[in-house]
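Given the structure is predicted, the values throughout are model-derived calculations rather than measurements.
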Amino acid sequence: MEHNTGHPASRVLAAARNDLALLKEQGESSSLTHWNVFTTVVNLFNKHLCPHDFVKALYLAWELTYEKYELNLTALSTIRLYLVSDALECLARQGVRVLGPWKVAVKAVIGFLRYCESNILMKGGFVHSGSVKLWVLDVFCDANLCPDINIRLDMLLIIHVWRCDYGVFRGVDVGERITAGLVQLYEYMNVTHHFIPEDRKFDLCRPSFRVLYSLNKTGHLTETFKKATQQIESLSVGPEARFVARMVELVSGGVVMTMERFQSKTLNAENTMEMLEMALVQLGELVFSKYNVETFCYRGLGKVACVAYIQVAKANFELLPALSSPEFASRCDFLRKTFDRISEVLFKSPKSKTLAQLLMADHKEELVKITGGDFIPQDLAQSSQVAENCPERFLDGLTQTPMESPVLLRRSQVTVDETTLVYLLLQKAPQCPFTRTPLHYGSFCRIPKLHQEIHAWRTTGRLNVDHQEPSSSAGH
């Protein structure tokens, strides 16, 4: 869009630029103050602006306030929020599509939010109108309105300050729309670029955690978890199951990278502590809670949850001692208690028995090495020894652990457990590990006869000597 210097907004901006030059030269007077010029510029957001004038108004308003409050970080953050709020109202009122020059404008608004102090951002004074919320949700959820994945993900910087304010506006359930957007976008989340970037100003870990926490508290994740379990039961993994798995993988990966960066001295103790607090609370609330843990007992998701538990166990036993100082004493105590609560749900709740058994089958040696094994219940420690006497045909062809529900991979003719299959299907581009061909519904089948033999062996300890290997024609 070509900029028209004769447009009223352009004339106002030119006059304001001249006034700013005078303020720098002569200082404030009774007729000319930073606040007067600032108000004139900000009032432009009440008008219909082209992207060029929009960006000029945003940065000129900021320059005016920076001149006045350069050394007052709290005031600067508050003014940033004020500017962002007015700018978003302008974008929403014009129904802006985030294309072409408007991409630059929207990125500028997001940039202002990034440099706000988080304590100011979360004080609760950042209230948006229903129109702004609907526009932000449209950008977040609609690839036609905003094809840029990173800008859509950055909408979390705005959404997270709404916290649990997920009402219904114009017939739209805000929580449902946010959840739908997350299910679409979470596969694009990256630990390095979005969770623990080199520049913490580009961190989406805190915003996404707060959004997930609020959605869980308001019950908006319940339907997503339900769909995920249905997809896994039918071996037809869809976006909801992948979202639930990715949610846990990001936390797990974030803990690993946090430990690596702290040990290499590229992440300070304060940021390390903050990341660990968020990771443990998120796992405690979204995975290892009495409400959600049953979802992670389902095949495939259980493997993801077990890996996450191992990583937080490492952080608890290996990293916290290095962070123990009078400054962090109470926070370290909080992390230990949170880990203990997670462990109690995992090992003592009847709902999580399957998950605990999977943990011991896949990670017993590693867990004992990390923790010393003192808190592992004796019955679980003994039950994990079942692999020692397992017949070879009952072993998973990939993991070499005893199967419960065998599945035949048709192309390779290798039998694996459903847990292994679902774990593979949860990946972004599922492949058979033996042939490197795509895995899809129809490229595998359940084996009922072998399942019955395994169940009989697990129940009675005896083998069916007349067993007959199932054929590849066994159906779902």
Decide, yes or no, whether a salt bridge links [X] with [Y] under the criterion of side-chain N to carboxylate O below 4.0 Å.
X	Y	answer
Lys337	Asp333	yes
Lys107	Asp154	no
Asp203	Arg114	no

Measure the [atom1]-[atom2] distance between [X] and [Y] for me, rounded to the nearest 0.5 Å.
X	Y	atom1	atom2	answer
Met155	Cys146	CE	SG	6.5 Å
Leu335	Met273	CG	CE	5.5 Å
Leu283	Met278	CG	CE	12.0 Å
Leu358	Lys353	CG	NZ	14.0 Å
Met189	Leu250	CE	CG	7.0 Å
Leu235	Glu418	CG	CD	4.5 Å

Is a side-chain donor or acceptor of [X] paired with a backbone partner of [Y] at a separation under 3.5 angstrom?
X	Y	value
Arg152	Cys141	yes
Gln231	Ser236	no
Asp417	Ser405	yes
Asn292	Val287	no
Gln311	Gly253	no
Ser352	Val345	yes
Arg410	Gly442	yes
Ser324	Leu320	yes
Ser289	Leu286	no
Ser85	Leu81	no

Mind checking salt bridge (charged side-chain N to carboxylate O under 4.0 Å, His left out) for Glu270 and listing every partner two or more places apart, or none if nothing turns up?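 In terms of salt bridge (charged side-chain N to carboxylate O under 4.0 Å, His left out), with neighbours along the sequence ignored, Glu270 is linked to Arg331.
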Looking only at heavy atoms, what is the nearest atom pair of [X] and [Y], with distance?
X	Y	result
Ile370	Ala313	CG2-O, 3.7 Å
Val96	Trp135	O-NE1, 2.9 Å
Ala87	Val109	CB-CG2, 4.0 Å
Val55	Ala105	CG2-CA, 3.6 Å
Cys432	Leu439	N-CG, 3.6 Å
Val255	Leu276	CG1-CD2, 4.3 Å

Residue pairs fulfilling side chain to side chain donor-acceptor pair (under 3.5 Å) with at least one residue in residues 241-254, sequence neighbours excluded
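Qualifying pairs, neighbours excluded: none.
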Residues two or more places apart in sequence or in another chain: which of them pass ring pair (Phe, Tyr, Trp, His ring centres under 6.0 Å) with Phe262?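 If we apply the ring pair (Phe, Tyr, Trp, His ring centres under 6.0 Å) test to Phe262, skipping adjacent residues, there are no hits.
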Report task. Quick one: list whatever passes ring pair (Phe, Tyr, Trp, His ring centres under 6.0 Å) with Tyr59, sequence neighbours left out. Result ->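 Only Phe112 meet the ring pair (Phe, Tyr, Trp, His ring centres under 6.0 Å) criterion with Tyr59.
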Side-chain contact test, heavy atoms from C-beta onward, threshold under 4.5 Å: evaluate it for [X] versus [Y] and give yes or no.
X	Y	result
Cys445	Val407	no
His128	Ile158	yes
Leu215	Leu182	yes
Phe209	Leu156	no
Cys332	Leu323	yes
Met275	Met257	no
Phe243	Leu221	yes
Tyr213	Gln282	no

_Is it the case that atom NE2 in His440 sees more than 12 heavy atoms from other parts of the structure closer than 6.0 Å?_
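Result for NE2/His440: enclosed.
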_Are there over 12 heavy-atom neighbours, none belonging to Glu366, within less than 6.0 Å of that residue's CD?_
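More than 12 within 6.0 Å, yes.
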**Asked** Is there a side chain to side chain contact (heavy atoms under 4.5 Å, CB included) between Leu395 and Met403 once you walk through the steps?
**Response** CA-CA 6 Å; Leu395 292 177; Met403 295 184 289; 6.0 Å; no
Full working for side chain to side chain contact (heavy atoms under 4.5 Å, CB included) between Asn316 and Val312: CA-CA 6 Å; Asn316 188 66; Val312 297; over 6 Å; no
Answer yes if the side chains of [X] and [Y] hold a donor-acceptor pair under 3.5 Å, and no otherwise.
X	Y	result
Asp396	Thr420	yes
Ser131	Ser129	no
Thr419	Tyr298	no

- request: Output, in order, the C-alpha distance, side-chain angles, deciding distance and verdict of side chain to side chain contact (heavy atoms under 4.5 Å, CB included) for Phe140 and Leu185.
  value: CA-CA 9 Å; Phe140 188 55; Leu185 294 172; 3.4 Å; yes
For this session: Specify whether Phe444 and Tyr441 have parallel, tilted or perpendicular ring planes, treating 30° as the upper limit for parallel and 60° as the lower limit for perpendicular.
Result: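 Plane angle over 60°, so perpendicular.
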message = Parallel, tilted or perpendicular: which one describes the rings of Phe339 and Tyr309, with boundaries at 30° and 60°?
response =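 Answer is parallel, since the angle falls under 30°.
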request  = Start with the C-alpha gap between Leu301 and Tyr423, add the side-chain angles, then the distance that decides, and say whether side chain to side chain contact (heavy atoms under 4.5 Å, CB included) holds.
outcome  = CA-CA 7 Å; Leu301 287 178; Tyr423 186 72; over 6 Å; no
Under the rule for side chain to side chain contact (heavy atoms under 4.5 Å, CB included), what residues qualify as partners of Cys90, not counting sequence neighbours?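 Once residues adjacent in sequence are excluded, the partners of Cys90 under the side chain to side chain contact (heavy atoms under 4.5 Å, CB included) criterion are Phe45, Leu49, Phe54, Arg93, Gln94.
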Legend entry - Set of side chain to side chain contact (heavy atoms under 4.5 Å, CB included) partners for Pro433, sequence neighbours left out: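 Residues passing side chain to side chain contact (heavy atoms under 4.5 Å, CB included) with Pro433: Leu398, Leu409, Leu424.
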Next item on the list: Evaluate the salt bridge (charged side-chain N to carboxylate O under 4.0 Å, His left out) criterion for residues Glu240 and Lys226: first the C-alpha distance (whole Å), next the side-chain angles of each, then the deciding distance (0.1 Å), finally the verdict.
Entry: CA-CA 9 Å; Glu240 286 77 14; Lys226 184 178 177 182; over 6 Å; no
